[in-house]
Amino acid sequence: MQVAPNLSFLFISESVEEGKVTVFAHCTDTAQKSGLHANAWVNRALKSVGGKGGGKPGAAQGSISVDDKNRIDEVTREVMCASKEVISN
């Protein structure tokens, strides 16, 4: 059973202990046909903070290490803002 087979999403996880923000995206076939690709979505979300990712149009992941652990929330907010720009266009 599939819970949400038509759902494309971008998942953001932060680890203060590791000083890392990780991003994972999944795009359905329909989303890909409309121009939304997971690899481009992840890279755009992380580019603004100096991170990078890789993958395929259907699924991709990436991360950024944050030297100053006090900036984890700030970096996460920047990643969220950049990812929203992708789906707004």
Handout entry: Sequence-distant partners of Arg77, salt bridge (charged side-chain N to carboxylate O under 4.0 Å, His left out), two or more places apart
Key = none

Practice task
Just jot down the side chain to side chain contact (heavy atoms under 4.5 Å, CB included) partners of Ala31, sequence neighbours excluded, or say none.
Solution key: Ser8, Cys27, Thr28, Leu36

Practice task
Treat each ILVMFWY residue as a node, draw an edge where side-chain heavy atoms are under 4.5 Å apart, and state whether Val75 and Val86 are in one component.
Solution key: yes

Problem - Other residues, nucleotides, ligands: >12 heavy atoms within 6.0 Å of Gln61 CD - result: no

Exercise for the section: Tell me whether Val16 is reachable from Val23 by hopping between hydrophobic residues (I, L, V, M, F, W, Y) whose side-chain heavy atoms are closer than 4.5 Å. Expected result: yes

Completion exercise
Separation between OG (Ser65) and NZ (Lys20), nearest 0.5 Å, reads 5.5 Å

Completion exercise
For residues 37-53, the salt bridge (charged side-chain N to carboxylate O under 4.0 Å, His left out) pairs (sequence neighbours left out) are Arg44-Glu85

Exercise for the section: Scan residues 53-68 for pairs that pass salt bridge (charged side-chain N to carboxylate O under 4.0 Å, His left out), counting only residues two or more places apart or in two chains. Expected result: none

Completion exercise
With sequence neighbours left out, the residues meeting ring pair (Phe, Tyr, Trp, His ring centres under 6.0 Å) with His37 are none

Exercise for the section: Identify the two heavy atoms, one from Val42 and one from Ala25, that lie closest to each other, and give their separation to 0.1 Å. Expected result: CG2-CB, 3.6 Å

Handout entry: Any residue meeting salt bridge (charged side-chain N to carboxylate O under 4.0 Å, His left out) with Glu18, in chain and number order, not counting sequence neighbours
Key = none

Problem - Partner residues of Thr76 under the side chain to side chain contact (heavy atoms under 4.5 Å, CB included) criterion, sequence neighbours left out - result: Ile12, Glu14, Val21, Ile72, Met80

Handout entry: Over all atoms of both residues, closest heavy-atom pair of Gly58 and Gln32
Key = CA-NE2, 3.4 Å

Problem - Main-chain N/O of Leu10 paired to Trp41 side chain as donor or acceptor, under 3.5 Å - result: no

Handout entry: Under 3.5 Å donor-acceptor, Asn43 side chain and Gly53 backbone
Key = yes

